[in-house]
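Down below is the structure, laid out as structure tokens.
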Amino acid sequence: MKKFLKTLIPFDIAKGLSITGTYFAKVFLTANRAKVKQHVVSEYPEVPAPLEPRFRGRVQLILDEAGDPKCVCCNACAKACPTGVITIEGGKKEGRKTRIPTRWDYEMERCVFCGFCVEACSFDAIKLNSQFELAAYDREDFSLGLTGAHNVLEPSPVGKFSYSDEA
Amino acid sequence: MPTISLTQSLVISLIQCVLVVVFIFVVVPLTVFAERKVLGYLQQRLGSTRIAGHLGGLTGLLNRGMWKLGKVPVLSYWRGLPGLVGDVMKMLLKEDILPTKADKFVFWIAPALSFVASVVVFATICFVPGTFFTFPTWVPFLGGLPVSGGIADVNVGLLWILGMATVGVYGIVLAGWASNSKYPLLGGLRSAAQMVSYEVPLTLSLLAPVLISGSLKFSEMSQAMAVGVPLWAIIPQVIGFLIYLTCGFAETNRVPFDMPEAENELVAGFHTEYSGMKFGFFYLAEYVNMTVVSAMAAGFFLGGSWLLPFGLQGVVNPYLASLPSWLVTLLCEPHAAFFAIKIVFLLFVFIWVRGTIPRYRYDQIMAVAWKYLIPLTLVNLVLAAAVRLAM
């Protein structure tokens, strides 16, 4: 009898309609407001896509107070890297106790963005930043070094549309 | 009351036809647009917001500055609207492909049949009982003449509507058969079976208003159901409304009953082989059919051109009689605007249901019709008869 009544009176349909109706009302009333956002799919190229703090983007070196990379050229990251995209050569600098990289090459075209290099680093010298729009027309553009417009010390000039709350 | 010559009455009928066609062709494209937006909102998306490219096109032109300022454009709700123009242009300009083995004549006639059958139904639908408006005296030839709220509010209006709705099925079946291809044929035959099943509860659910109002004329039925019934008539009205709406979804081939065009099983169903404007006619016919079903549901169950649904208007009217006269005119008198608003709301319900309920399996559809809806309508008919007896 209970089952019969449940079939006869469309409770489940009403429940579903109320859920979608609530979504409709919420999104309809806030669609024009950038701050109070109820829709989960945003207008991506115009509105930057928010990313989670743990998002694994491109490899980037972390700098110390003096503006030099924290990297001490221990090669732990290069050994941990499953695809071998990191090549480091160390040198010396006046007034710095540890070594400083003179060459820090990163071949992004082979990188799998696994984050093992960050886990291997005991000096907190590497991070994976929040950039994912890294497409380029030339293979040379994926070879990043310490110098040049597209380098490992700062975010890539491409990829303007993504951001993360964690710097 | 001035006497009307034959020419004058013909011209007035023509004007009514134009008005109805304008109504249809304003509501239908807006429904197509609203379908995208409302479906988006129901699923926490934004629906269509641009026509093409990054910031190109007309909408881009309107909104580029606001995006530069870092703001979401004010025109947000309407940003996808120019896409409609693109749709229409695509339909008109696309190549019209005729399959080699198709039956040419039937292939051509099927979309026209489908479309005409759905539009013609509007002849007997009465937007407001009595006079819609009177021409001012300065209008040449037609000055001082009244224009009634329906084109041809004939005494057997309901019969006309149901008969014409059946002809619409014919268009779908013929399209499926004439394409000479297996998926359209399967879609068309499924459609035939589904429509045959659902026409029974649909008609039975409409018998309750016929029984209560004692008429087949659209305006009389609408009036009787809105203001001429006692309070307890609300029970058969609500049940009948729900059943009618369910059958209406099935008759218009909408989700959750879109068996004839189940995409994941039948490519696109009966219109798989159609392209260009022939497909456009099927597309239009679907939306015109939705409008027809909404208009009938609004007229028979939601109080037609009166404010309150389910016959509550007749109960409330005596209490409202002491209000100021302009409020009485607004709340107690019939207006075409109320009817139009109800149609638009029901069209929203169509989209709402589409965004909520997944498609039924084929045997489930048949079970719903024969095992649940028909017995329910019969019970509802008994209730309506009881109301009629007590009135």
Side-chain angles (χ1 to χ4, degrees), chain A residues 1-52 130-137 156-165, chain B residues 34 37-50 53-56 59-60 63-80 238-239 242-243 245-246 249 255-256 348-358 360 364 367-368 371-373 375-376 379-380:
Chain A
M1 188 65 198
K2 203 177 166 191
K3 194 180 168 237
F4 178 72
L5 275 179
K6 224 180 160 185
T7 320
L8 204 63
I9 306 168
F11 284 122
D12 298 339
I13 292 176
K15 212 185 278 175
L17 284 177
S18 76
I19 290 173
T20 46
T22 319
Y23 285 158
F24 174 80
K26 276 183 184 167
V27 178
F28 186 74
L29 295 174
T30 57
N32 283 334
R33 282 188 272 164
K35 295 266 170 60
V36 205
K37 215 181 273 173
Q38 293 290 344
H39 47 268
V40 286
V41 181
S42 60
E43 298 175 69
Y44 156 61
E46 288 93 357
V47 180
L51 296 171
E52 298 302 320
S130 60
Q131 289 190 305
F132 60 88
E133 296 142 320
L134 298 163
Y137 286 106
S156 301
V158 290
K160 297 170 234 174
F161 299 121
S162 50
Y163 73 91
S164 169
D165 290 333
Chain B
K37 293 299 273 190
V38 173
L39 268 185
Y41 288 162
L42 288 171
Q43 297 163 353
Q44 293 184 301
R45 295 182 284 113
L46 281 179
S48 59
T49 51
R50 60 202 82 190
H54 174 43
L55 286 171
T59 43
N63 297 306
R64 214 170 289 147
M66 292 202 70
W67 284 123
K68 286 253 166 72
L69 291 171
K71 286 181 179 163
V72 177
V74 186
L75 290 167
S76 189
Y77 292 126
W78 304 101
R79 261 182 292 157
V238 171
I239 299 175
L242 292 177
I243 296 170
L245 213 59
T246 315
F249 285 133
V255 179
F348 170 75
V349 171
F350 266 89
I351 304 168
W352 189 3
V353 168
R354 181 179 166 183
T356 307
I357 306 172
Y360 282 104
Q364 286 173 334
V368 166
K371 281 165 72 182
Y372 292 99
L373 288 181
L376 254 180
V379 170
N380 189 41

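The shown structure was predicted, so the numbers you read here are calculated from the model rather than taken from an experiment. So you know, we letter chains A, B, ... as the sequences are listed, proteins then strands, and number each from 1.
Within 6.0 Å of the OH atom in A:Tyr23, the count of heavy atoms belonging to other residues, nucleotides or ligands does not exceed 12. No more than 12 heavy-atom neighbours from other residues, nucleotides or ligands sit within 6.0 angstrom of OH on B:Tyr372.
The line from OG1 of B:Thr356 to CG of A:Asp12 is 13.0 Å long, rounded to the nearest 0.5 Å. The OG1 atom of B:Thr246 sits 7.5 Å away from atom CD1 of A:Ile13, with the distance rounded to the nearest 0.5 Å. For the atom pair B:Arg354 CZ and A:Thr20 OG1, the distance stands at 13.5 Å (nearest 0.5 Å).
Using a 4.5 Å cut-off between heavy atoms, B:Leu376 contacts chain A through its side chain alone, with no backbone atom that close. Of the atoms belonging to B:Val353, heavy atoms from both backbone and side chain fall under 4.5 Å from chain A.
Taking the side chain as every heavy atom from C-beta outward, A:Phe24 and B:Leu42 approach each other to under 4.5 Å.
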